[in-house]
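Heads up: the structure comes next, in structure tokens.
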Number of protein chains: 2
Amino acid sequence: MYSLSEENYLKAIYHLSNNGEESVNTNAIAEEMKTAPASVSDMIRKLSKKKLVNYQKYRGVTISSKGKYIALNVIRKHRLWEVFLVEKLSFKWDEVHEVAEQLEHIQSNQLIERLDEHLGFPKFDPHGDPIPNANGEIAPIPTTTLSMLKPGDKCRVICAKDSSSDLLVYLDKIKISLGARLEVTDFHAFDGSFSLEVEGANPITISSKVTENIIVEEL
Amino acid sequence: MYSLSEENYLKAIYHLSNNGEESVNTNAIAEEMKTAPASVSDMIRKLSKKKLVNYQKYRGVTISSKGKYIALNVIRKHRLWEVFLVEKLSFKWDEVHEVAEQLEHIQSNQLIERLDEHLGFPKFDPHGDPIPNANGEIAPIPTTTLSMLKPGDKCRVICAKDSSSDLLVYLDKIKISLGARLEVTDFHAFDGSFSLEVEGANPITISSKVTENIIVEEL
DNA sequence: TATTTTTTTTAGACAAATCTAAAACTTATA
DNA sequence: TATAAGTTTTAGATTTGTCTAAAAAAAATA
């Protein structure tokens, strides 16, 4: 139906536009896709012709509802495959992204609906991100990051914002997993780092770069 | 590593060459790949440059050991995914081919080795074809077809030679499944059809086109 | 063996997705 | 508000895999 490249562009635009809310500029897409800005212009024109994005030259792009539907379908497949890899094939949460990037492009509704069923209709992927349903509807992602909390605040970890292997391996190392309960014990203004109590583990201090990438629910 | 197209050509050449034994001609490949003979010439030259096939102009191609290894790896993946679809996702044996054609190109050794383990290291796919191991070694496929038997002969069904949906749906309908025990009761010279007793089902008469596509073990 | 038929290859073109370099446009700044 | 800086687009090429039409080679046949 749509090429691998088209699907990847739509997914990138969806993510960069804050889930379809905002307009995205060419350079941002180029950086996300690790491609030249000129290539982005070409592809945008193509997607625009197919009504998958709204586009005016030099004015950035917004994703159309048709484009959003396709993007969410690819994201659905990506996240369901991630659940499969972790739950059924014992992959670690930091090992699944690359393979899921390939599996997300397999075309078969029957396959994905049966996979969903086989996995028990999961609502979240191994990083805590919500899985869109077959109609392209997705639960809102909470926006509170650990970095927004103050000393004394308690929270529960909801999801990792960045699914890069580096972050996930680090979180494993310091025993912060999804659902973990944390308490902020101190904030260090000098570099923005936080000291935390982690339920069932040793107290730790982590950088602002990390706290900005942990989505939490305040308790 | 190798493009989707290259993998598909190698797979086609492997199959057409009787598992790497014989030389294959351009037109046969073109027909198998549903492409123009000219395209085949182009691709063969490319595969030859990469030492995946041995090729002399106008003389046909043979697959090299490197090419055979790649083809068998793709076939391994294809058949493991077919087992997955049937065993874990309840696909019927006639529904798996198309999806497996996509899944066979996913690149990840970790994925395929874990899938193999998850499935309990199956030796045969849902059509009875042997699954190559990770070293590209494959069990020989028996060559006796039902069409070679005589009235009075008894046999067990080993595999379906053709994995087209049409044949498989038909075999289901007449209750011939893998492992089924059959007895040839009559041969009709006029059209080559066979009358059979099927253990646990009604006697049937089937055409030569079908008997030629059922691999059996004589009992 | 000469000729016809079939098979295979080459020549030249095309579409998709990418690139670099240069031009055009927008935004920021003096 | 003119100019500089940054962003985006166009122009023109390249690579991969495909095509059609024509030429070349091999095989079949008279």
Side-chain angles (χ1 to χ4, degrees), chain A residues 1-18 22-64 67 70-71 74 101-102 104-107, chain B residues 1-14 16-18 22-63 67 70-71 74 101-102 104-107:
Chain A
M1 194 63 171
Y2 296 99
S3 75
L4 191 137
S5 222
E6 288 170 330
E7 288 192 347
N8 282 333
Y9 271 93
L10 288 172
K11 192 165 53 115
I13 295 167
Y14 177 81
H15 284 312
L16 291 169
S17 67
N18 189 24
E22 301 155 17
S23 156
V24 190
N25 49 296
T26 306
N27 270 1
I29 300 171
E31 199 186 334
E32 172 85 6
M33 304 280 301
K34 290 173 197 318
T35 187
S39 313
V40 176
S41 285
D42 287 346
M43 181 55 90
I44 292 302
R45 197 154 31 78
K46 194 173 152 194
L47 294 175
S48 175
K49 235 181 249 164
K50 297 190 181 181
K51 308 273 184 204
L52 300 172
V53 298
N54 308 111
Y55 171 60
Q56 281 177 282
K57 269 200 232 174
Y58 295 103
R59 283 280 126 96
V61 253
T62 57
I63 195 164
S64 73
I70 293 162
V74 175
E101 287 283 301
Q102 295 180 61
E104 72 188 9
H105 299 290
I106 302 290
Q107 303 286 355
Chain B
M1 197 63 171
Y2 296 98
S3 75
L4 192 139
S5 221
E6 289 170 332
E7 289 192 347
N8 282 334
Y9 271 93
L10 289 172
K11 193 166 52 117
I13 294 167
Y14 177 82
L16 291 169
S17 68
N18 189 24
E22 301 156 16
S23 156
V24 189
N25 50 298
T26 306
N27 269 2
I29 300 171
E31 198 186 337
E32 173 84 7
M33 305 279 301
K34 289 172 198 317
T35 189
S39 312
V40 176
S41 285
D42 288 345
M43 180 55 89
I44 292 303
R45 196 153 32 79
K46 194 173 152 193
L47 294 175
S48 174
K49 235 182 246 164
K50 297 190 180 181
K51 308 272 183 204
L52 300 172
V53 298
N54 308 109
Y55 171 60
Q56 280 178 284
K57 270 198 234 177
Y58 296 101
R59 284 280 125 97
V61 254
T62 57
I63 196 163
I70 294 162
V74 175
E101 286 284 301
Q102 296 180 61
E104 72 187 9
H105 300 290
I106 302 290
Q107 304 286 353

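So you know, we letter chains A, B, ... as the sequences are listed, proteins then strands, and number each from 1.
Y9(B) has a side-chain polar atom (N or O) that falls below the 4.0 Å cut-off from OP1 or OP2 of dT18(D). Contact check, K57(A) against dT7(D): no side-chain N or O comes under 4.0 Å of OP1 or OP2. For dT8(D), the OP1/OP2 oxygens have a side-chain nitrogen or oxygen of N27(A) closer than 4.0 Å. For S3(A), no side-chain nitrogen or oxygen approaches OP1 or OP2 of dA16(C) to under 4.0 Å. Contact annotation: T26(A) reaches the phosphate of dT9(D) (side-chain N/O to OP1 or OP2, under 4.0 Å). Residue S5(A) places at least one side-chain N or O under 4.0 Å from the OP1 or OP2 atom of dT18(C).
N54(A) and S64(A) share no side-chain donor-acceptor pair at under 3.5 Å. A side-chain N or O of H105(B) and one of E7(B) form a donor-acceptor pair less than 3.5 Å apart.
The CG atom of L47(A) sits 15 Å away from the C1' atom of dT18(C) (whole-angstrom rounding). One atom, CD of Q56(A), and another, C1' of dC25(C), lie 14 Å apart when rounded to the nearest Å. Between N25(A) atom CG and dA5(D) atom P there is a gap of 21 Å when expressed in whole angstrom units. Atom CD1 in I44(A) sits roughly 12 Å away from atom P in dT10(D) (whole-Å rounding). Going from atom CZ of R45(A) over to atom P of dT10(D) covers 6 Å, rounded to whole Å. If you take CE of M43(B) and C1' of dT16(D), they are 8 Å apart, rounded to a whole angstrom. For Y55(A) and dT10(D), the OH to P distance is 6 Å, given to the nearest whole Å. Atom CZ of R59(A) is separated from atom C1' of dT7(D) by 12 Å (rounded to the nearest Å).
Salt bridge E101(B)/K11(B): present, at least one basic N to carboxylate O contact under 4.0 Å.
Within 6.0 Å of atom NZ in K51(B), 12 or fewer heavy atoms from other residues, nucleotides or ligands are found, so the atom counts as exposed in its surroundings. Counting non-hydrogen atoms of neighbouring residues, nucleotides and ligands closer than 6.0 angstrom, the CD atom of Q107(A) exceeds 12 such neighbours.
Listed by residue number, the members of residues 31-42 of chain A with any heavy atom below 4.0 angstrom from DNA chain C are T35(A), A36(A), A38(A), S39(A), D42(A).
Just one of I63(A), V61(A), L47(A), I44(A) meets the side chain to side chain contact (heavy atoms under 4.5 Å, CB included) condition when paired with L52(A); it is L47(A).
One distance of note links OG of S48(A) with NZ of K57(A); it measures 11.5 Å at 0.5 Å rounding.
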